[in-house]
Protein chains: 2
Amino acid sequence: MKISTEMLKGVLEGIVLQIISEGETYGYEITKNLNDHGFEDVVEGTVYTILMRLEKQQLVTVEKKKSSLGPARKFYQLNDAGQQRLTLFWKHWTFLTAQMDHLKEDHHV
Amino acid sequence: MKISTEMLKGVLEGIVLQIISEGETYGYEITKNLNDHGFEDVVEGTVYTILMRLEKQQLVTVEKKKSSLGPARKFYQLNDAGQQRLTLFWKHWTFLTAQMDHLKEDHHV
DNA sequence: ATTAGCTACTATGTTTTACTATGTAGCAGT
DNA sequence: ACTGCTACATAGTAAAACATAGTAGCTAAT
């Protein structure tokens, strides 16, 4: 299923943070990961802009490593600020889903 | 709690659709409703732009009625297209939350 | 009657975010 | 040499929610 672009806004950054938190990874891999796990239409360009944003906000550390396959990869890792941001993201997400659940239930009451 | 602006994008329109589907209502009331139910920081301007959008997309019918209290109100009701859109919205939302749940779980596995 | 305060809708401009589209470049296998 | 996959980068666009301001009706107190 295709998730509407707008519904991803503000969520995708959190998703990327979560993926990075699960272990050092790089842009291309993240994109594949997303595409294979329900976010079919997220393209490289989108992921790279998010990664740049994260770097700019100093939520991640970056390390360039040579690859055995193709050009060098930029590996990302969460730093403390990134971890905190991720925690905050899940907090917001949990709150939002709770509100949405109420809204949905009310309809049937 | 304050939900980040960006996280609301693409969701708020669905929320407004849901609220309208629960019974004829108008902009000002919708805003109050939102503010009282977890969406504290949504302002009138935002709601009215959404309502205009819904009207433009012909998802709602509009009826102006005099109020005993203040100026006339524009009452909104979902039409068939609006109902379909709402159903689609919940479908997308459910799918997204499912993906997010997987993502969250994977972390702890 | 005039002001203040709540109700109610409208309009303009800004910011953020994801997408489209395109380009660059390394390396492997044929 | 050429194709295809890997990998990163970026300029431009569109959509959505926001801030802000304005218009206007009605009620009640002064």
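Since the model is a prediction, treat every value here as computed from it, not as a measurement. Below, read A as the first sequence line, B as the second, and so on, with proteins coming before strands; counting in each chain starts at 1.
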Just to confirm, is there a sub-4.0 Å distance from OP1 or OP2 of dT10(C) to any side-chain nitrogen or oxygen of K74(B)? yes
To the nearest 0.5 Å, what is the distance between CG on L96(B) and CE on M100(A)? 9.5 Å
Looking at the base of dA15(D), is there any donor atom on it, or on the side chain of K9(A), that sits under 3.5 Å from an acceptor on the other one? yes
Let's see if you can work this out: which of dC8(D), dC19(C), dA17(D) has an atom nearest to the side-chain heavy atoms of T46(A)? dC19(C)
Spacing of K64(B) atom NZ relative to dT10(C) atom C1', expressed in whole Å: 10 Å
Nearest whole angstrom, please: distance from the P of dT7(C) to the OH of Y26(B). 9 Å
Think Y48(B) has a side-chain N or O under 4.0 angstrom from the OP1 or OP2 of dT10(C)? no
In whole angstroms, the gap separating P of dC9(C) from NZ of K32(B) amounts to 12 Å
What is the distance, rounded to the nearest whole Å, between atom CG of L12(A) and atom C1' of dT16(C)? 14 Å
From the set dA17(D), dA24(D), dA7(D), return the single nucleotide nearest to any side-chain atom of P71(B). dA24(D)
E40(B) CD to dA17(D) C1', straight-line distance once rounded to whole Å: 17 Å
Using a cut-off of less than 4.0 Å, is there contact between a side-chain N or O of R53(B) and OP1 or OP2 of dA15(D)? no
On DNA chain C, check which nucleotide each of V47(A) and M52(B) is closest to and give me the residue with the more 5' one. M52(B)
Base, sugar-phosphate, or nothing: which does V43(A) touch, judged by heavy atoms less than 4.0 Å apart? base
Starting at atom NZ of K66(A), determine the distance to atom C1' of dA7(D), rounded to an integer number of angstrom. 16 Å
Which is more 5' along DNA chain D, the nucleotide nearest L8(B) or the one nearest G27(A)? Just name the residue. G27(A)
The side chain of E6(A) lies closest to which of these nucleotides: dT6(D), dC19(C), dA16(D)? dA16(D)
Hey, does E29(A) reach any base, or is it just sugar-phosphate, or nothing, if we go heavy atoms under 4.0 Å? nothing
Out of V42(A), D41(A), D36(A), which one pairs with F39(A) under the side chain to side chain contact (heavy atoms under 4.5 Å, CB included) rule? V42(A)
Is the phosphate of dC8(D), meaning OP1 or OP2, less than 4.0 Å from a side-chain N or O of Y28(A)? no
How many Å lie between CD on E55(A) and C1' on dA9(D), as a whole number? 12 Å
For E55(B), all residues meeting salt bridge (Lys or Arg N to Asp or Glu O under 4.0 Å), sequence neighbours excluded: K74(B)
Any salt bridge between E44(A) and K32(A), counting N to O under 4.0 Å? no
Is R73(A) paired with E29(A) through a side-chain N to carboxylate O contact shorter than 4.0 Å? no
Rounded at 0.5 Å granularity, tell me how far CD1 in I30(A) sits from OG1 in T46(A). 12.5 Å
Whole-Å distance between dC19(C) C1' and I3(A) CD1? 15 Å
Classify the nucleic acid contact of I50(A) as base, sugar-phosphate or nothing, counting any heavy atom under 4.0 Å across all strands shown. sugar-phosphate
